[in-house]
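This structure is a prediction, so every number in the text was calculated from the model and none was measured. For the numbers below, each heavy atom of this structure counts, side chains included, while hydrogens, waters and symmetry mates do not. Start at 1 and go down the list; that is how both ligands and their atoms are numbered.
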Amino acid sequence: MNIIGIETSCDETAAAVVKDGRTVLSNVVYTQIPLHVPYGGVVPEIASRAHVEKISEVIRTAIEQFRGVSDEKIDAVAVTYGPGLSPALTVGLNAAKGLALSMGIPLIGINHIEAHLHTPFLVDATDEATVPALDPHDFMPALGLAISGGHTTWLDLPAYGKYAIVGQTLDDAAGEAFDKAAKLLGLGYPGGPKVDRISKEYGLADLLPFPKGRPREGVTALAGLDAELCVSFSGLKTALLRYVQQHGGAEKLAAEGEIPHIVASYQEAIVPVVADRTAHALRRRNYRALIVGGGVSLNSRLRTVLAQVAERAGVRLLMAKPKYCGDNGAMIAGLAYYRRNKTGAAAFALDVAPSLDFEE
Ligand code: KG4
Ligand code: ZN
């Protein structure tokens, strides 16, 4: 079964065709990052207009690439309907509805964060013969970690398609924390990749003691979750701001060559904290796998420490190859194969859900 997936929740206009939830037959990602760089972050109005301009071309190219490698038909259209930026989501959802209607095939609405957790199961058509097929059902129960610009959430997956949130950030997401720090330090947008590279070059020597984001037991924001499984990054951001102010500002620190030291310290106040919460979550239940998805899973230090955490816990670590870590249409199309029950008139009546949480 071939599904075309469409993704426009933030700053990537993307479409891809995936066979049977696994084999990526075409994958087109148009990134708007250069458009948002001058503003230091994603501007929703600019994002939605760029989606409008690019969506047809991206979809057409994805279909053409698919036709170049397959004589089969496309059986369904999948689309992200949330969470994300409302005006951006609307562009993809409307395009998907039109495409499904014109092709006379079903539409499937997909949760963007769930889709990130499907990325470890994707394989390029060119690698299909050499990479063993992973069936998500074989790895349940699993612990999921969705870590991106908008989410830092730990999920219990008793079965594939069933989710319960067991922990999360009480304020900023990890990616957001990286992006905000990079902006404050004058490193530009998006901050995550820059923080990653600079920290790697600097190493771990003599780090500054930034706060480690442990929420206090009993705060209402925990909403009944275990404080040991939650994080808070807003205090870290404030600590960084205070440090920069107390030391004469970002420009002065840059002139003194201090930025790498600060950046590496900041990253080290985030990554081990995420690893620590993950290790704690893995001790709560007899999981078979740790499934990690989202843009921040590209972080090289996070990849290293999560590998150690998974090994110590004796669970299989499932993480996407880098090209599928950021937003893309393949993850939407891939997950949709396991969500084929979500079609019919209800799908065509879907509205965008900017704050969509996890549903079964
Ligand atoms: O999943 P994604 O592409 O979009 C959302 O759904 O949010 O994630 C984007 C986030 C941004 O905050 C970006 O700075 C972060 O992922 N990111 C990274 C790295 N590459 C991207 N964070 C840390 N290290 C990286 N190498
Ligand atoms: Zn994403």
For ligand 1, which atoms sit closer than 4.0 Å to a heavy atom of [X]?
| X | result |
| --- | --- |
| Leu298 | 20 (N), 26 (N) |
| Phe178 | 22 (N), 23 (C) |
| Gly326 | 3 (O) |
| Gly150 | 7 (O) |
| Gly175 | 12 (O) |
| His116 | 1 (O), 6 (O) |

>> Under 2.8 Å from the Zn ion (ligand 2), can any N, O or S atom of Cys10 be found?
In response: no

>> Within 2.8 Å of the Zn ion (ligand 2), is there any N, O or S atom belonging to His116?
In response: yes

Give the residue, atom name and distance (to 0.1 Å) of the protein heavy atom nearest [atom].
| atom | value |
| --- | --- |
| atom 7 (O) of ligand 1 | Gly149 N, 2.8 Å |
| atom 26 (N) of ligand 1 | Asp196 OD2, 2.9 Å |
| atom 8 (O) of ligand 1 | Gly295 CA, 3.3 Å |
| atom 22 (N) of ligand 1 | Gly192 CA, 3.3 Å |
| atom 15 (C) of ligand 1 | Val296 CG2, 3.9 Å |
| atom 24 (N) of ligand 1 | Asn299 ND2, 3.1 Å |
| atom 6 (O) of ligand 1 | His112 NE2, 3.2 Å |

>> Let's go through Tyr163 and Asp357 carefully: what are the C-alpha distance in whole Å and the side-chain angles of both, what is the deciding distance for side chain to side chain donor-acceptor pair (under 3.5 Å) to 0.1 Å, and is it a yes or a no?
In response: CA-CA 10 Å; Tyr163 302 86; Asp357 222 319; over 6 Å; no

> Mind checking whether Leu184 and Ile259 sit in one hydrophobic cluster, side chains of I, L, V, M, F, W, Y counted as touching below 4.5 Å?
Replying inline: yes

> For the residue pair Tyr338 and His118, does the interplanar ring angle fall in the parallel (under 30°), tilted (30 to 60°) or perpendicular (over 60°) class?
Replying inline: tilted

Does [X] reach ligand 1, in the sense of a heavy atom lying below 4.0 Å from it?
| X | answer |
| --- | --- |
| Gln267 | no |
| Pro193 | yes |
| Arg197 | no |

In Å and rounded to the nearest 0.5 Å, what is the [atom1] to [atom2] distance from [X] to [Y]?
| X | Y | atom1 | atom2 | answer |
| --- | --- | --- | --- | --- |
| Glu7 | His51 | CD | NE2 | 7.5 Å |
| Leu306 | Arg301 | CG | CZ | 10.5 Å |
| Met331 | Asp327 | CE | CG | 5.0 Å |
| Leu143 | Leu157 | CG | CG | 8.0 Å |
| Leu317 | Leu282 | CG | CG | 9.5 Å |
| His116 | Ile147 | NE2 | CD1 | 11.5 Å |

>> Using the ring centroid of each side chain, check whether Tyr202 and His261 are separated by less than 6.0 Å.
In response: yes

>> Below a 4.0 angstrom heavy-atom separation, can you tell me which part of Asp179, side chain or backbone, both or neither, approaches ligand 1?
In response: side chain

> Of the backbone atoms (N, CA, C, O) and the side-chain heavy atoms from C-beta on, which set of His151 has a member under 4.0 Å from an atom of ligand 1: side chain, backbone, both, or neither?
Replying inline: neither

> Going by atom types only, do Gln267 and Asn299 share a side-chain donor-acceptor pair under 3.5 Å?
Replying inline: yes

>> Judged on heavy-atom distance to atom 3 (O) of ligand 1, which of Asp327, Asn328, Thr31 sits nearest?
In response: Asp327

> Relative to the Zn ion (ligand 2), which of the N, O or S atoms in Asp327 is the closest?
Replying inline: OD1

> Is it the case that Lys54 places NZ or CZ above or below the six-membered ring of Tyr30, under 6.0 angstrom from the centre and within 45 degrees of the axis?
Replying inline: yes

>> Quick check with a 6.0 Å cut-off and a 45 degree axis cone: is Arg339 positioned over the face of Tyr337's six-membered ring?
In response: no

